[in-house]
Every structure is written in structure tokens, then in C-alpha cells.
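Worksheet: the structure to be examined is printed underneath.
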Amino acid sequence: MRYNVKRSRIVDLLKSEGSGFDVLVKGWVRTKRVSKGLCFVEINDGSCLKNIQAVADESMPKYSIFANLTTGTSVAIMGRLIDSPAKGQKFELQTKDVEIYGKADAGEFPLQKKGHSFEFLREIAHLRPRTNTFGAVFRVRNALAFAIHKFFQERGFLYIHTPIITGNDCEGAGQMFRVTTLDAKSANDSQNASDFSEDFFGKKTALTVSGQLEGELVATALGNIYTFGPTFRAENSNTTRHLSEFWMIEPEMAFATLEDNIAIAEEFLKYIFKYCLENCKEDMEFFDQRIQKGVIANLEGIIKSEFTAITYTEAVDILVKSGEKFEFPVKWGIDMQSEHERYLTEKKFKKPVIVIDFPKEIKAFYMKVNADNKTVRAMDVLVPGIGEIIGGSEREDNYDVLKSRMVELGLNPDEYWWYLDTRKFGSVPHAGFGLGFERTIQFITGMQNIRDVIPFPRTPKSAEF
RNA sequence: UCCCCUGUAGCUCAGUCGGUAGAGCAGGUGGCUGUUAACCACCCUGUCGGGAGUUCGAAUCUCUCCGGGGGAGCCA
């Protein structure tokens, strides 16, 4: 179809100031309704949640083509944008011409006009972006990614790319995916013989479980940095909160303490929530109505509230005195279970809670040890429904303490010589945290399963598409 | 990895005491001048997840394998 009109995005047409002019729309047929000599076709082009309704009657030259369009067909519609005479939409297209790009057989196309279960849609992940819910999810995902960059860029943080293939094993953050060019058998042999000289990198390598250590190296030169990239965990986790491949944001700040870390985490979360509410209004209303009632009010409440920060010791105290019957009894020194986090965020405080100063035994080697020599300067930001959304800490900046912590936890300091060097040469106090990108999308949208906030989820036994 | 639930038409699901399967939607055909998950009528649709067993007879009971979901652990 050749016209002097440029393709318009539906989002722009529906916001149009006036009407009565010709426009060209390209998209996919969502639904169709036919009466005698009159047909309504709704087109969606992904630019927004709403469809635009195209109307034609028998006087339109290509009416039979128009009236025979089926759900899923890709089309170009040329027509006049008019004020709709019927209720339900402000504007509609009075169709003058139609062209089919690609048909979609009505008997075969799996997406119907009606709602589908998310389980079913996961099996057709290649087509699910064409649904209302997933269109909205991916638009919010995009906005959130942009908001994160915007937040850090406005504050002078530099976006740093840390490696995806990493040579330092046993980072302690979880099981790692091996990266090798050896065939499966010799890779296994090598594992036992710990001989990787034949392998591509000449050493044992894996996909990163965190960019933090490398992030620290750069932060101790450039000041404030952040990473935003894919992260991989080979854990056999089967939950609504875990993926084998997910995206993580890790800011790292030189000359910063745990208190600075807490302040920036709170400001950050409020900023990105606000950005999504303001820039994805229509999609957020959809989530509020159809996915989880109250998500908008919940986010608005959080933006206005002040986060509560309590120490681990205080948290244990609250839990012990709560009178709740927990499956895992609470006592100082244990790691907090989901049920404990839930109690704090959902019952006790009913908002995000920051827990700090955890026992050093249950936290990572790089966290700064407090003066009491029992706890470390860690922080977990817990939110209702999801649990831990941010995990961070002030880092141990004392060379000797860090080295002995590594030994305590069974790590070989020689393998981290480059990390230790930052404490040897011009060491500075510094802090940072990690934010799970998908968990944040879950929290914002109210989507229950993490597999439904990433286009093509990777989970144990599942890597189709 | 552990615990629980689940698998019936393309989708969502019903199927009682064990007697060989059904509804809505989708799809097809026809009808209807403005529909909004349009409506009305008619038509089509099944290795009841696979295998084995109990039984005269299994969607239904038992065992087993596979898939899916939820919870837990691990974590973000």
C-alpha cells in the first residue's frame, strides 16, 4: 500500500487532538465483530494497551477482505480518523483500504479472544507478547529499565559493563553454569583432574553470578558506578521468584557507608516506582484492575512512606515476641526464612523493611565486620509479597580483616589477589547493593510468577524459545 | 532437591456409587445497520498425559513414568 501518509502508532492516534484526517495504521488483528453489511475490526500495534477499532461497510471496495480478517492477521489499514458515533471509544477508523501482510489461520492460531491461563501462554512464549497482559508487562519492563538508567545517570553514576564469563569460581552466590569449549566428557574429566589447560581460557570458567566484585574494582577508581546485566544461577530452584537467567542492577559507591547505601536504596526504589506509575499509566491501571487489585495504591503508599530500618537483632526480637507460630523457630543467629520476612513486611510493618547488621556467619565474606565482631554491615530490603528485593552491604575495606574472612569461609585468597589489591592500594570505605530486576517488575505489576515478567524465561528443564 | 496439588475437545473446566464423555468459549455455516469478551440458530471437535495392574467393565481404584502448578530450601 503506497500512500503519502506515514504509518501512525495507535498510541498517538488515540491521543489525537482532532480528527477527520486520513491515517495509516499497521498492526495485528485482535478481534472482529460482524453485522449485516457492517464490520468492526480491532487492531493492536503494541504501542499501547488499547486497540483501535476500524469500521467498514459494504461500500468499501475491499469489504470482503476486511470482513474476512481473522484474529492474529497482520494488516495495514488506511482510513479516516473519526469521532466514534458509538460508546466505548473516542476515535475509530473509517476504513478506506486494507492490505494483509500475513494471514493467521483462524483454526490454528492459538490466541483467542478470551483470556488464557499464564501456564498455557508460557508454552507459546513466542506469541504471548501479542496479549494484553504481556504487552503491558513488557512496556513496564522497558520503562523500568529506562528509569533505572535515568536515576543513576542523573546522579553521576557511570554505567559499567562487568564480564559475563568469569574465571573466579566459588563466589559463594550460588551454583554456576560452566563455560567450556571442551566436549562434555573431557570437561567432566577436567573437573576431577582440575586441569583446564586444554580449555578455551586455559582455566575453569563459568557464567557470572554477580558483577559486584568487578564493580568494586571500577568504583574504587571512578567513584559511583552501576552495572545492569544478565546474571546466571544454576540452582535447581522451582519457585515463582527464581530464574536461571535474570537481570540484576548493582550500584557501587566509593566513600560510602551502610547509611549512604540505605538512603540511596530507598530513594532509588521510590524513584523507579514513581516513574512507572507516571509513564505507564494505562498499563498500570490494567494491572490494578485485572492482575492485582491495589497495586497502584500500594506503590503510591510506598512512595510517600519512610522505609523502616531495623537491625537483625531487633528483627529477631520482634519475631520472638510476635506470638506467631513459625515453622522455623526464631533465634539469634539463624538465617531469616520466607515466613519471617513475610511477617515483618506483611503483618508487622505493612511496607518495605530494611534489615541491617546480620550475624557474620550467615553473610558473605566481603561484608564489613562491625565493631562488635559478631555482625556485618549488611542490608536486606524486604517488600511485601516478594521478600528480598535488594541485598547489599558496606564492603570490608581492611586488607587483613578481608583476607582472614576469606580464609574463615574456606575461600582461597590467592584466587582473589586482584580483589584484595583494592584494599592494599588506596583502600576506601565503599558500599553497594544488588536489585533483582524481574522481582522488581513483579512487585510493580503484581504478576505472581517471575516467569511471566521476562520474555523468554530460563528455568530448570526449560529453555525453549 | 523435598512436600502438596494437578493432567479430560484448540482453550477453560464438569464428569456423582466403576457402566466407554459433556458444557462454555474458540472454529465452520447461516442470520442480524453501530458492534464492544456482540448476539441468535445449527454443525464439527477426544489415544480422558504414557505404560502396567485390579475388574465382566476404568476418565473414575492401585502402581509407575512424564508434564504442569503451588509451597519450602537456595537466593535477586
Side-chain angles (χ1 to χ4, degrees), chain A residues 30-42 50-59 67-68 70-72 82 84-89 92 94 104-124 131-132 171-175 209-212 229-250 290 326-328 335-342 362-364 380-383 386-392 433-443 448-454 459-462 464:
Chain A
R30 277 293 175 82
T31 181
K32 180 186 71 177
R33 294 174 289 273
V34 215
S35 288
K36 173 92 171 171
L38 188 67
C39 180
F40 303 87
V41 173
E42 288 195 32
K50 285 206 178 84
N51 306 324
I52 197 159
Q53 171 171 284
V55 195
D57 61 31
E58 285 172 313
S59 66
N68 281 305
T70 55
T71 304
I82 59 164
S84 178
K87 282 181 182 168
Q89 58 282 313
E92 65 185 29
Q94 204 162 51
D105 185 274
E108 272 186 79
F109 187 61
L111 292 172
Q112 303 172 179
K113 294 186 193 181
K114 290 202 72 160
H116 291 288
S117 69
F118 291 140
E119 289 84 358
F120 171 67
L121 292 173
R122 258 170 241 153
E123 292 168 11
I124 51 165
T131 63
N132 287 339
E171 278 186 34
Q175 286 286 107
V209 292
S210 165
Q212 182 200 313
T231 310
F232 308 87
R233 303 275 166 95
E235 298 287 352
N236 191 8
S237 296
N238 293 290
T239 79
T240 53
R241 285 160 288 128
H242 289 85
L243 290 167
S244 308
E245 177 183 289
F246 63 100
W247 290 68
M248 189 154 66
I249 295 93
E250 296 180 291
R290 306 291 286 273
F326 295 113
E327 194 190 334
F328 297 89
D335 211 348
M336 289 221 275
Q337 308 291 315
S338 294
E339 55 174 348
H340 305 142
E341 298 178 350
R342 278 224 182 92
I362 58 172
K363 288 291 181 186
D380 283 2
V381 180
L382 311 176
V383 295
I386 310 284
E388 187 180 339
I389 198 171
I390 280 179
F433 61 81
L435 173 89
F437 187 53
E438 283 77 14
R439 285 188 184 176
T440 309
I441 302 169
Q442 276 187 280
F443 186 68
Q448 295 289 303
N449 197 313
I450 200 165
R451 293 161 208 175
D452 299 327
V453 297
I454 188 167
T459 53
K461 298 278 185 291
S462 174
E464 193 73 46

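Naming: A, B, ... by sequence-line order, numbering from 1 per chain.
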>> At under 4.0 Å between heavy atoms, how does the protein contact nucleotides 39-50 of chain B? Give one character per nucleotide, 5' to 3', with B, S or -.
In response: ------------

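In this structure A:F118 satisfies the ring-ring contact (aromatic ring centres under 6.0 Å, His included) test together with A:F134, sequence neighbours excluded. With sequence neighbours left out, the side-chain contact (heavy atoms from CB on, under 4.5 Å) criterion links A:H116 to A:L111, A:Q112, A:F120, A:L121. Shown here are the side-chain contact (heavy atoms from CB on, under 4.5 Å) partners of A:D380, two or more places apart in sequence or in another chain: A:F358, A:K363, A:L382, A:E388.
Look at A:Q337 and you won't find any side-chain N or O under 4.0 angstrom from OP1 or OP2 of B:A72. Listed pair A:R342 / B:A72 meets the phosphate criterion, a side-chain N or O lying under 4.0 Å from OP1 or OP2. Note on A:R33: every side-chain N or O is 4.0 Å or more away from OP1 and OP2 of B:U35. For the pair A:S35 and B:G34, the criterion of a side-chain N or O lying under 4.0 Å from OP1 or OP2 is met.
Interface remark: the A:E58 side chain does not form any donor-acceptor pair with the B:U33 base, using a distance-only criterion of under 3.5 Å. A donor and an acceptor atom sit less than 3.5 Å apart, one in the side chain of A:S237 and one in the base of B:C74. Between the side chain of A:R439 and the base of B:C75, a donor-acceptor pair under 3.5 Å is found. Side-chain to base pairing of A:E235 with B:G73: no donor and acceptor N or O lie closer than 3.5 Å to each other. A donor N or O paired with an acceptor N or O is not found under 3.5 Å between the base of B:U33 and the side-chain atoms of A:D57.
Taking the nucleotide of RNA chain B with the nearest heavy atom to each of A:F246 and A:Q448, the more 5' of the two is matched to A:Q448.
Base pairing in RNA chain B yields stems of at least 3 consecutive Watson-Crick or G-U pairs, both distances under 3.5 Å, namely B:1-7 with B:66-72, B:10-13 with B:22-25, B:27-31 with B:39-43, B:49-53 with B:61-65.
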Protein N or O to nucleotides 12-15 of chain B N or O, pairs below 3.5 Å:
unit_1 : atom_1 : unit_2 : atom_2 : d
B:U12  : OP1    : A:S117 : OG     : 2.8

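Nucleic acid contact for A:R451: sugar-phosphate only, since backbone atoms but no base atoms lie under 4.0 Å from a heavy atom of the residue.
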